[in-house]
Amino acid sequence: MTALHTNPLFARLANVERILVAGAGGGFDVYSGLPIALSLLHQGKEVHLANLSFSALAGLPSQDWVARTWPPSPPGPRRTSRTRN
């Protein structure tokens, strides 16, 4: 039985070292996973974020891609240099 003060998700992940927090669709789904990811990072876990897009990313002009495998970042702060594969 789960204690009232224990989160079942974090209890199941207690012995896990690396965790993928992924969202699918909508664009804001991965942002809703950030509180979970940050809590896991605070617990010393290795956390990776991922998002599945249903947009036609292949239709973007090639100069808009940061790298061949990574489309442009959303509006807001960006890295100062662009990496090319």
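For residues 36-46, every residue pair satisfying the side chain to side chain donor-acceptor pair (under 3.5 Å) rule, not counting sequence neighbours, is listed here: S39-Q43, E46-H48.
Applying the side-chain contact (heavy atoms from CB on, under 4.5 Å) test to A11 and every residue at least two apart in sequence or in another chain returns T6.
One distance of note links CG of L40 with CG of L13; it measures 6.0 Å at 0.5 Å rounding.
Using a 4.5 Å heavy-atom threshold, the side chains of V47 and L38 count as separate.
Hydrophobic clustering of Ile, Leu, Val, Met, Phe, Trp and Tyr side chains at less than 4.5 Å, counting indirect connections, keeps I36 apart from L20.
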